[in-house]
Number of protein chains: 2
Amino acid sequence: MRKLPAKLASQLYGAAELIAERGLDGTKIEDIAEATGIPKATIYYHLDGKNAVLEFLLGDLLDMIAGAVGVAVTSEENARTRLEAAVLAQLGVMLEHPSLCRALVGDLGRATRLPELAAALRTAFYEPIEQLLADGVSDGSLRQVADPAAVALSVFGAITVAGLSAAVEGPSADPSADAARFSAAITELVLDGLATPGSRDQRRGDPL
Amino acid sequence: MRKLPAKLASQLYGAAELIAERGLDGTKIEDIAEATGIPKATIYYHLDGKNAVLEFLLGDLLDMIAGAVGVAVTSEENARTRLEAAVLAQLGVMLEHPSLCRALVGDLGRATRLPELAAALRTAFYEPIEQLLADGVSDGSLRQVADPAAVALSVFGAITVAGLSAAVEGPSADPSADAARFSAAITELVLDGLATPGSRDQRRGDPL
DNA sequence: CTTGGTTTGTACTGTGAGTACAACATACGA
DNA sequence: TCGTATGTTGTACTCACAGTACAAACCAAG
């Protein structure tokens with residue numbers, strides 16, 4: 001069941017739009033069969049049901065994200081620069097595949113209840129950020145924060161929500177331009193913060 | 001159907017944990033009936049089906065958040081301070097009601113497909129942030145950014161993902177302490193950013 | 001005690017997921 | 001050429017569960 005023939009796999013993508021639009025519940029297996037051209041019996045021959053269809057599609061998306069981010073993270077630059085690259089990479093993939101992202105948002109609950117997917121989600125989205133933040137403290141390119149885990153989570157949220165919501169807004173004419181725009185905004189926020197220069201540091205006394 | 005008797009409303013909360021755990025799909029109406037003590041026929045007398053149960057529960061959560069944040073935002077302080085208060089308020093409510101939050105994550109797709117809830121989601125989470133960011137620029141307590149909409153979205157994501165994921169981790173012994181902890185981390189990130197003092201501003205030339 | 005809204009049990013209908021299976025195709029080695 | 005294994009597909013099921021119908025009971029308030 002794991003190695004679905006390539007032809008079928010590509011046909012299955014025809015169901016992504018459908019699932020994104022109506023949610024997995026609102027989508028009948030018969031609809032998927034019709035949209036992809038794969039007869040219901042064949043779907044059941046290879047896959048363990050509706051959930052498996054979603055699992056296959058999202059697994060692929062998550063692999064793409066993890067891959068792109070992985071490349072971005074593996075450079076010789078300092079952590080701050082790699083963080084910027086990772087943000088751009090993640091948003092790039094997400095905006096390239098809006099209907100997969102919409103399907104992901106729509107069936108997040110189901111996704112997190114599918115153990116493999118939950119792990120892939122973590123690997124694709126959260127862990128690279130967490131790692132970069134730690135690296136940045138080591139190489140001095142990012143600040144030490146009081147609660148690294150919580151901050152990593154928030155950074156992850158900032159990126160992911162921006163990407164998902166851009167995907168939900170509907171496909172854009174120029175995904176990579178959008179990715180660059182969002183990426184710049186997030187980077188600006190995450191690196192420099194929103195406080196005005198004058199008011200900065202009037203809160204905490206200790207710089208480290 | 002809108003004004004469900006108070007007694008039933010309170011009984012209905014007994015279903016939140018169930019729905020959070022198994023998702024709405026994995027929860028039979030009969031299960032809800034059993035968990036709440038409200039017979040199936042009575043549920044259908046008042047509510048339009050399973051979705052309406054979820055809609056009722058989440059509507060309430062969203063109202064609480066919108067309310068708490070609304071209070072936090074309506075003070076005489078400057079926008080930066082009010083932003084801190086809003087973050088704390090939002091996280092406070094979320095951590096106070098972890099199973100509602102889990103239900104929200106789990107059935108986010110359904111929630112966004114229910115028009116009333118989608119609007120309530122926006123009102124509760126996103127709009128207050130957007131407003132505060134704009135206010136901060138006016139009163140000088142927050143920096144002007146290049147793409148305010150994208151930044152507002154990211155801030156919203158940072159807060160919300162932190163809250164949701166804390167809720168998903170399971171209920172905590174001391175919700176308000178957790179809220180304070182997360183709130184501090186997010187505030188630190190969002191206001192001061194992660195760049196080290198030395199490297200700050202070596203990217204963009206124009207301060208405005 | 002009657003009228004009108006609620007409450008609830010019971011029995012039903014309809015839909016769609018998933019299964020069973022037989023017929024057929026295709027490949028590949030003997 | 002045949003035989004066997006592996007995939008493909010149509011058809012016809014089963015079964016669980018959402019939602020509906022309805023009648024009997026209940027409980028005000030006039």
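Keep in mind that this is a model prediction, so the values were computed, not measured. These values consider heavy atoms only, across backbone and side chains, with no hydrogens, waters or symmetry-generated copies. Chain letters run A, B, ... following the sequence lines, proteins first and then strands; every chain starts at 1.
Taking atom OH of B:Y44 as the reference point, atom P of D:dT20 lies 7 Å away to the nearest angstrom. Distance B:K50 NZ to D:dA16 C1': 11 Å, rounded to the nearest Å. Regarding A:I32, its CD1 atom lies at a distance of 11 Å from the C1' atom of C:dA17, rounded to whole Å. Distance CG (B:L24) to C1' (D:dG19): 14 Å, rounded to an integer number of Å. Distance A:R22 CZ to C:dG16 C1': 14 Å, rounded to the nearest Å. Between the P atom of D:dT20 and the CD1 atom of B:I29 lies a distance of 10 Å, rounded to the nearest Å. What separates CG of A:D48 from C1' of C:dT19 is a distance of 13 Å, to the nearest Å. Rounded to a whole Å, the CD atom of B:E34 is 15 Å from the P atom of C:dT8.
For the side-chain contact (heavy atoms from CB on, under 4.5 Å) with B:K40, the lone residue among B:K28, B:E30, B:E34 that qualifies is B:E30.
Evaluation of the salt bridge (Lys or Arg N to Asp or Glu O under 4.0 Å) rule for A:E77 yields no partner, not counting sequence neighbours.
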Give every donor-acceptor pair under 3.5 Å between a side-chain atom in residues 124-136 of chain B and any protein atom, sequence neighbours left out.
{"residue": "B:E127", "atom": "OE2", "partner": "B:R122", "partner atom": "NE", "Å": "3.4"}
{"residue": "B:Q131", "atom": "NE2", "partner": "B:D135", "partner atom": "OD1", "Å": "2.9"}

Donor-acceptor pairs are to be reported for all side-chain atoms of residues 155-165 of chain B against protein atoms at under 3.5 Å, with residues two or more places apart or in another chain.
{"residue": "B:T160", "atom": "OG1", "partner": "B:Q90", "partner atom": "NE2", "Å": "3.2"}
{"residue": "B:T160", "atom": "OG1", "partner": "B:F156", "partner atom": "O", "Å": "2.8"}

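Salt bridge status for B:R110 with B:E55: absent, with no side-chain N to carboxylate O gap under 4.0 Å.
Screening residues 10-40 of chain A for ring-ring contact (aromatic ring centres under 6.0 Å, His included), with sequence neighbours left out, gives no hits.
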Test log, rule side-chain contact (heavy atoms from CB on, under 4.5 Å), inputs B:D174 and B:D178 = CA-CA 6 Å; B:D174 185 347; B:D178 278 5; 5.7 Å; no
After noting the C-alpha distance and the side-chain angles of A:E84 and A:L191, does the key distance pass the side-chain contact (heavy atoms from CB on, under 4.5 Å) rule?
-> CA-CA 9 Å; A:E84 299 187 44; A:L191 292 180; 3.7 Å; yes
Show your working on side-chain contact (heavy atoms from CB on, under 4.5 Å) between A:V190 and A:L83 and close with a plain yes or no.
-> CA-CA 10 Å; A:V190 164; A:L83 177 59; 4.3 Å; yes
Short heteroatom pairs, N/O only, protein and nucleotides 13-15 of chain C, under 3.5 Å:
none

Summary of protein contacts for nucleotides 6-11 of chain D, nucleotide by nucleotide, where a base hit scores B, a sugar-phosphate-only hit scores S (4.0 Å, heavy atoms) = -BBBB-
